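Just so it is clear, the model here is predicted, and its values are computed rather than measured.
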Amino acid sequence: MPVADIARLADHVGQLVAIKGWVHHLRSSGKVRFMVVRDGTGLVQGVLVKGQLPEADFAAFDRLTIESSLTLKGKVRAEARAPGGYELEVTRVEPLNLAQDYPISPKEHGVAFLMDHRHLWLRSPRQQAILRVRDEVCRACRDFFHDRGFILVDTPILTPTACEGTTSLFETDYLDRGKAYLSQSGQLYLEAAAMALGRVYCFGPTFRAEKSKTRRHLTEFWMVEAEAAFYTLEDVMELAEGLVSYVVSQVLARHRRELETLERDLAPLEAVVPPFPRISYGEAIARLQEMGNDMAWGEDFGGDEETVISQAFDRPVMVHRYPRSCKAFYMEADPEAPELALCVDMLAPEGYGEIIGGSQRVADLETLLARLEEHHLPREPLEWYLDLRRFGSVPHSGFGLGIERLVAWLCGLKHVREAIPFPRLLDRLYP
RNA sequence: UCCCCGGUAGCUCAGCAGGUAGAGCGGGUGGCUGUUAACCACUUGGUCGGCGGUUCGAGUCCGUCCCGGGGAGCCA
């Protein structure tokens, strides 16, 4: 007897199959009993009619509890009354493990309770749908870069020093050599790899010990970062736009069902096709001031400002050339306006905020040395990084994309904590 | 770190002006031959976050600490 995936039951109509899975739901109506079983690929209802299976198997139903594991055998039948359209006429019930009282019900639960039970919460249809979309997002990112000749280069997680600000570093003891820090970004290493391979990207976890309590922050999150030699800011904006529109198109093409489960409005996603609007920081400020916002030139946008800016467009908007004063040390100055950085942030629509940050990097050694001084960063641990400017320095650019923010936007989630299997937050390290 | 809101049954919550601790769901038992978060009946279930104070009497008022949620700053 073949073991069938529930998602493939249509291929087995009329056949006797085995399904290995977990009890999702139980109902009883006297001599007819129903159980909905899930196997990770989908849900199917099994029907037990007294007399049509061994008495012991029929009786086994009464001992089953929600989330008990079992093998269910029976004949597949198309059935309009069943959710999903197919049904199993059950001939055997073979329990494997009888679950204890399962804490999560289809009824309402609070956030704290669900987060404490994240390991079980993942089993719910909604969380499964999110994880499938996340899988697709990751796959699409890799395919996109691979197809464009970008080489995957894994950057280290344990690092001797900070990439960006020093305030948000997770510190750990590194054997007898003092302190090490969890990576906040693979960028600096990726720049080295770009000087070797030309076009490179990395995909991995990053860690920021920010005391941020918002719907957009995790202390551990996944980032895809790209870096390319000889790329300008304009090149990297085109790349970012291409990546995001490709990922959205792939999710739309392959995961309608999941988006439906999530009750995601598809119209805003279908609008996400190139070209994305590009506006400068200066234009953004002007627009904000026109709308009565009293933000002054030189300040960085807050969440409210990002929302206001992105609401003016029906697709992600790229805001470029921020004042250098509010950006990182490694960003190249705009030769036409040295107070501006050659950088770009991509703001997702619908109030989801920044999903990408990128820039052209400083290529000149003396300029970079001056920047380190300005930012009070120690030179010695970054000598290797300075070497990249000593040995065949070229203009180069890159960006980082936050996977959870992208997934949260695509799935229409209220908080990024649902966009990662086991979120790490300011006050949460369990489970 | 700061500002708001909250913590009562396994879960989601109600509990009025300080006066005997409640509901729905879940769990259990029984019933029902097509259920869809089934339904019906019965039933089980509490250190009211901790500590201290006011009071004849505190879930309720005050103080403090802990935990959680929402937001801010910073960022992806």
Between B:rC75 and A:Arg405, counting only base atoms on the nucleotide and side-chain atoms on the residue, is there a donor-acceptor pair under 3.5 Å? yes
Side chain of A:Lys213 (C-beta onward), nearest among B:rC32, B:rC74, B:rA72: B:rA72
May I ask you to verify if any side-chain N or O of A:Arg417 is less than 4.0 angstrom from the OP1 or OP2 atom of B:rG70? yes
Return yes if the base of B:rG34 and the side-chain atoms of A:Glu87 contain a donor-acceptor N/O pair under 3.5 Å, otherwise no. yes
What integer number of Å spans the C1' atoms of B:rA14 and B:rU60? 13 Å
Charged N-O contact under 4.0 Å between A:Glu136 and A:Arg139: yes
Does A:Thr214 make a side-chain donor-acceptor contact with the base of B:rC74, cut-off 3.5 Å? no
From the options B:rG69, B:rA72, B:rC74, select the nucleotide whose nearest atom is closest to the side chain of A:Arg428. B:rG69
Please tell me which of A:Lys50 and A:Tyr102 maps to the more 5' nucleotide of RNA chain B, matching each residue to the nucleotide holding its nearest heavy atom. A:Tyr102
Out of B:rG34, B:rG27, B:rU12, which has the shortest distance to the side chain of A:Phe113? B:rU12
With a non-hydrogen cut-off below 4.0 angstrom, is A:Ile356 in contact with a base, only sugar-phosphate, or nothing? sugar-phosphate
Regarding A:Arg256 and A:Glu270, does a basic nitrogen lie under 4.0 Å from an acidic carboxylate oxygen? yes
For A:Phe34, report the nucleic acid contact type (base, sugar-phosphate, nothing); a contact means any heavy atom under 4.0 Å. base
For B:rG34, does the base pair up with any side-chain atom of A:Arg77 as donor and acceptor (N or O, under 3.5 Å, distance only)? yes
Sugar-phosphate only, base, or nothing, as touched by A:Ile355 at under 4.0 Å among non-hydrogen atoms: sugar-phosphate
Heavy atoms from C-beta onward define the side chain here; which of B:rC11, B:rA37, B:rG70 lies closest to that of A:His109? B:rC11
Among the candidates B:rG68, B:rG73, B:rC32, find the nucleotide nearest to the side-chain atoms of A:Asp427. B:rG68
Could you tell me whether A:Ser28 contacts a base, only the sugar-phosphate backbone, or nothing, with contacts defined as non-hydrogen atoms closer than 4.0 Å? base
May I ask you to say whether A:Asp334 pairs ionically with A:Arg324, meaning some side-chain N is under 4.0 Å from a carboxylate O? no
Between A:Glu220 and A:Arg208 (salt bridge meaning N to carboxylate O under 4.0 Å), is one present in this structure? no
By nearest nucleotide on RNA chain B, pick out whichever of A:Ser105 and A:Thr65 is the more 5' one. A:Ser105
Looking at every strand, decide which applies to A:Arg216 at a 4.0 Å heavy-atom threshold: base, sugar-phosphate, or nothing. base
Please tell me which of the listed nucleotides, B:rU12, B:rA76, B:rU33, lies nearest to the side chain of A:Val32? B:rU33
4.5 Å side-chain heavy-atom contact, A:Trp222 and A:Phe203: yes
